[in-house]
Amino acid sequence: RVSGLKVIERAGCTLVDAGLPSDRLNAVCGAPRQLLTSDDIRWVLDYYRERQLPFAWWVGPSDLWAGDALCPHGLALRVIEMGMAGRLDRLELPAVGPGVDVRRATCLGDVMDHAGLLASAVSPVDEELRGFYERAAEAVLHPTTDRQLFVLYEHNVPQSTAELCVSQHVVGLYSVTTQRVARARGYAAKVAAVALRFARDAMRAETVVLQSSPRDRPTYERFGLHAIGEFHRFVPESDDAEWAG
């Protein structure tokens, strides 16, 4: 839906090319043992190298064997997150409470508040995320979108954010992020709770899935989600630091 973006299927994997130098936007998902070969892995590496684009390779619970295949090609495991899932009608979601306001994105300004929180959550700041969401805003805000953004404001200042993506009756919860100075106030739990209520009541989703850091896992367990397996994030190790991100 966004000009300049590509999605390529190869050897059972999905390759995303956002055309922007950010390994949070360019990604490969999956690594099925019965399909992926060394030639396929080399092809992926050459694809991003030729375009000078950093990327990350994500594998889920059914493909964790991939470390044995990816590491010999110069990819290194950098992040392990826990996949979690739950039935939306069984979750215990906290109330927002006074002092903050959680809004669903309905205009470009809301989308850019979401993007600004994501960009500033990493060091150095990833300005490419702002550029991506500016390009994608029309698609995100379209009435037929499968994507919803939520931003928590304190005194009209964006402090925390979350993103939904719905397919069939399953909703993925992504990009739950809070400003560094506003952490440990329960804002991430509040914005996630509002987003999940919207998914349940307005989007008729039945199941939620997400990937959690060890720090955030207790919050989602209190919601009523349970672990379903690990997700591993690999990135290239390269002497070309600009390409490797």
Side-chain angles (χ1 to χ4, degrees), residues 1-85 118-119 121-133 135-136 163 165 167 170 172-177 209-217 227-245:
R1 298 182 182 181
V2 181
S3 175
L5 275 64
K6 297 178 183 178
V7 177
I8 301 169
E9 303 290 343
R10 182 184 175 98
C13 301
T14 301
L15 182 149
V16 178
D17 174 2
L20 296 168
S22 171
D23 63 6
R24 294 175 176 267
L25 298 172
N26 305 310
V28 181
C29 301
R33 185 189 293 269
Q34 67 275 24
L35 297 176
L36 188 68
T37 67
S38 291
D39 287 343
D40 296 317
I41 296 171
R42 284 191 290 268
W43 183 89
V44 169
L45 291 169
D46 289 343
Y47 179 92
Y48 285 112
R49 184 181 291 110
E50 289 169 4
R51 290 157 180 80
Q52 289 291 292
L53 294 174
F55 78 101
W57 196 316
W58 282 96
V59 298
S62 62
D63 299 322
L64 295 185
W65 76 279
D68 294 335
L70 299 180
C71 289
H73 289 274
L75 288 137
L77 177 62
R78 285 290 179 261
V79 173
I80 297 176
E81 295 183 344
M82 181 58 69
M84 304 186 74
L118 297 186
V122 295
S123 181
V125 173
D126 189 349
E127 292 293 348
E128 300 300 335
L129 289 167
R130 298 183 201 267
F132 169 76
Y133 278 95
R135 289 166 57 190
E163 184 166 346
C165 186
S167 178
V170 178
L173 178 67
Y174 301 101
S175 306
V176 180
T177 303
V209 295
L210 57 84
Q211 292 167 218
S212 173
S213 67
R215 179 191 63 197
D216 296 329
R217 181 175 173 180
I228 57 173
E230 292 181 350
F231 286 79
H232 292 184
R233 181 180 189 264
F234 294 84
V235 296
E237 288 189 317
S238 172
D239 293 334
D240 185 347
E242 182 178 352
W243 172 68

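Just so we're clear, the structure is a prediction, and the values are computed from it rather than from any experiment.
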Heavy atoms only: give me the nearest [X]-[Y] pair and the separation to one decimal.
{"X": "Leu35", "Y": "Gly12", "answer": "CD1-CA, 3.8 Å"}
{"X": "Ala69", "Y": "Ile41", "answer": "O-CD1, 3.7 Å"}
{"X": "Ala31", "Y": "Trp65", "answer": "O-NE1, 2.6 Å"}
{"X": "Ala11", "Y": "Pro32", "answer": "O-CG, 3.4 Å"}
{"X": "Ala18", "Y": "Leu25", "answer": "CB-CB, 3.8 Å"}
{"X": "Ala27", "Y": "Tyr48", "answer": "O-OH, 3.3 Å"}

Return the [atom1] to [atom2] distance between [X] and [Y], rounded to the nearest 0.5 Å.
{"X": "Trp43", "Y": "Leu15", "atom1": "CH2", "atom2": "CG", "result": "5.5 Å"}
{"X": "Asp126", "Y": "Asp23", "atom1": "CG", "atom2": "CG", "result": "7.5 Å"}
{"X": "Glu230", "Y": "Asp63", "atom1": "CD", "atom2": "CG", "result": "13.5 Å"}
{"X": "Asp17", "Y": "Phe55", "atom1": "CG", "atom2": "CZ", "result": "11.5 Å"}
{"X": "Arg130", "Y": "Ser22", "atom1": "CZ", "atom2": "OG", "result": "12.5 Å"}
{"X": "Met84", "Y": "Gln211", "atom1": "CE", "atom2": "CD", "result": "12.0 Å"}

Go through Leu70 and His73 one step at a time and tell me if the side chain to side chain contact (heavy atoms under 4.5 Å, CB included) criterion holds. CA-CA 5 Å; Leu70 299 180; His73 289 274; 5.9 Å; no
Is any side-chain heavy atom of [X] less than 4.5 Å from a side-chain heavy atom of [Y]?
{"X": "Arg24", "Y": "Val122", "answer": "yes"}
{"X": "Val176", "Y": "Asp216", "answer": "no"}
{"X": "Phe132", "Y": "Glu128", "answer": "no"}

Test item: Trp57 side-chain N/O and Pro236 main-chain N/O as donor-acceptor pair under 3.5 Å: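 Between the backbone of Pro236 and the side chain of Trp57 there is no qualifying donor-acceptor contact (under 3.5 Å).
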Are the side chain of Arg135 and the backbone of Ser3 linked by a donor-acceptor contact shorter than 3.5 Å? yes
Under the 6.0 Å and 45° cation-pi test, does Arg233 pair with Phe231? no
Sequence neighbours excluded - side chain to side chain donor-acceptor pair (under 3.5 Å) pairs with any residue from residues 26-40: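 Found Arg10-Asp40, Thr37-Asp40, Asp39-Arg42.
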Any chance you could lay out the side chain to side chain contact (heavy atoms under 4.5 Å, CB included) test for Val170 and Val209, step after step, and finish with the verdict? CA-CA 7 Å; Val170 178; Val209 295; 4.1 Å; yes
Judged by modelled atom types alone, do Glu9 and Thr14 share a side-chain donor-acceptor pair under 3.5 Å?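 Per modelled atom types, Glu9 and Thr14 side chains form a pair under 3.5 Å.
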Which residue in the set Val28, Leu36, Leu77, Leu64 passes side-chain contact (heavy atoms from CB on, under 4.5 Å) when paired with Val59? Leu64
